[in-house]
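Notes for the one structure printed next.
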Amino acid sequence: MAPRIPSEITKGRDTSTDPPVPTARVDEPLEGGPSLWRGTWVLGAATLLLLVISLYGAWRAPHEETQGEAARLLFVHVPSVITAYLALGVGVLGAFWYLIRRSRWADQVSAAAIEIGVLFTGLTLLTGMIWGRLVWSVWWDWNDARMLSTAVLFFLYLGYLVLRRSINDPRVRAMRCAVLGVIASVQVPIVHYSVLWFRTLHQGPTLIRPDVANATMDDAFIQPLGMSVIAFVALFVLLLTVRLHLARTEIFMSYLNHQAGPVGAAIVPPRLGNPA
Amino acid sequence: MSTGWVILGYAVSYGAIAAYVAWMAVRIRSTHRYRGGSK
């Protein structure tokens, strides 16, 4: 129920143009805000199941002949980079769509997807460093094209997130971030083809290649790897759904705060001077 | 020796994802209360 403003404050004054009085109490849920899609819970349960199955597959995978136990990092490193490609791809498509249609929804999807893409690119670098330490005995090699280009990709889109938080105006923010998102996308194919253009430390592509039928990986590894990729893709869809819900809720909150006006807006000044 | 590093890699990866999910959950929960202009 709307709180009542004392009549001695509003007496003799037209109150029809007053700002709306906040009606929700502190302990009441937000009224009228965006709601989480119900299927999110089913998606979450399915994602959890797929992740458990992929972890089991990674545990059951045979001992690799040359890399030993380090090969098990394959089942988190490769799905991370594939998910990062997917997330950044969705983000860039959203940025393109915003530039064409000025759609706020496209801007939200782009920002959410790129945020998730930065997370998985960071995980790719971390797991890659641990793998490199075990297999090549180096944490990092500045001369390796794949490592360097992935690091550049990570910092480009980290800069996107910094830019996003530095601009208050939603239209200016959306436009500038969309431009950066599109320009930075050129780094994604550079990362992928770096192992073909430069013969350095990192091995060539195993799965994402034109002649994937001749992939140089045993079935005993491809099956758990495929399971892990599917699990991570489901995880990306789940994270994107929840992140979009958060973004829409925060936009709704800022709209409510703007509508309510400054604290005390419900209190109107008394009329001064001789009443007419 | 390498098994420990592999476990660390998995722990860091899944831990980071779990932390991200937790961060989103906390932010969503904090928006569920409207305090008339202040969080």
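Every chain is numbered from 1 and lettered A, B, ... according to where its sequence line falls, protein lines coming before strand lines. Only heavy atoms go into these numbers, but all of them, side chains included; no hydrogens, no water, no symmetry mates.
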* **Heavy-atom pair count under 4.5 Å with chain B, highest-scoring of A:L51, A:V76, A:L238** => A:V76
* Is A:L123 close to B:I17 at the side-chain level, that is, under 4.5 Å between some pair of heavy atoms? -> yes
* To do: Would you indicate whether the side-chain heavy atoms of A:E115 and B:Y20 approach each other to under 4.5 Å?
  => yes
* To do: State, yes or no, whether a side-chain contact exists between A:I130 and B:V6 at a heavy-atom distance under 4.5 Å.
  => no
* Calculate, to the nearest 0.5 Å, the distance between atoms OG and CZ belonging to B:S2 and A:R133 respectively. => 11.0 Å
* Asked: In this structure, are over 12 heavy atoms from other groups packed under 6.0 Å from A:W41 atom CH2?
  -> no
* pair A:L239-B:M24: side-chain heavy atoms closer than 4.5 Å -> yes
* Minimum heavy-atom separation for A:L73 to B:G9, with atom names? -> CD2-CA, 4.0 Å
* Asked: Considering residues, nucleotides and ligands other than A:W105, do more than 12 of their heavy atoms fall under 6.0 Å from its CH2?
  -> no
* **Proximity breakdown for A:L55 and chain B, heavy-atom pairs closer than 4.5 Å** => side chain
* **Non-hydrogen side-chain atoms of A:T127 and B:S13 separated by less than 4.5 Å** => yes
* From A:R248 atom CZ to B:I28 atom CD1, the distance as rounded to the nearest 0.5 Å -> 11.0 Å
* To do: Please state whether the side chain, the backbone, both or neither of A:L246 comes within less than 4.5 Å of a heavy atom of chain B.
  => both
* Asked: Got B:V21 and A:V242 here, is their nearest side-chain heavy-atom distance under 4.5 Å?
  -> no
* Can you sort out the partners of A:Y56 under side-chain hydrogen bond (donor to acceptor under 3.5 Å, both in side chains), two or more places apart, ordered by chain and number? => none
* To do: For residues A:F75 and B:Y10, determine if any side-chain heavy atom of one lies less than 4.5 Å from a side-chain heavy atom of the other.
  => yes
* To do: Evaluate whether atom CH2 of B:W23 has more than 12 neighbouring non-hydrogen atoms of other residues, nucleotides or ligands under 6.0 angstrom away.
  => yes
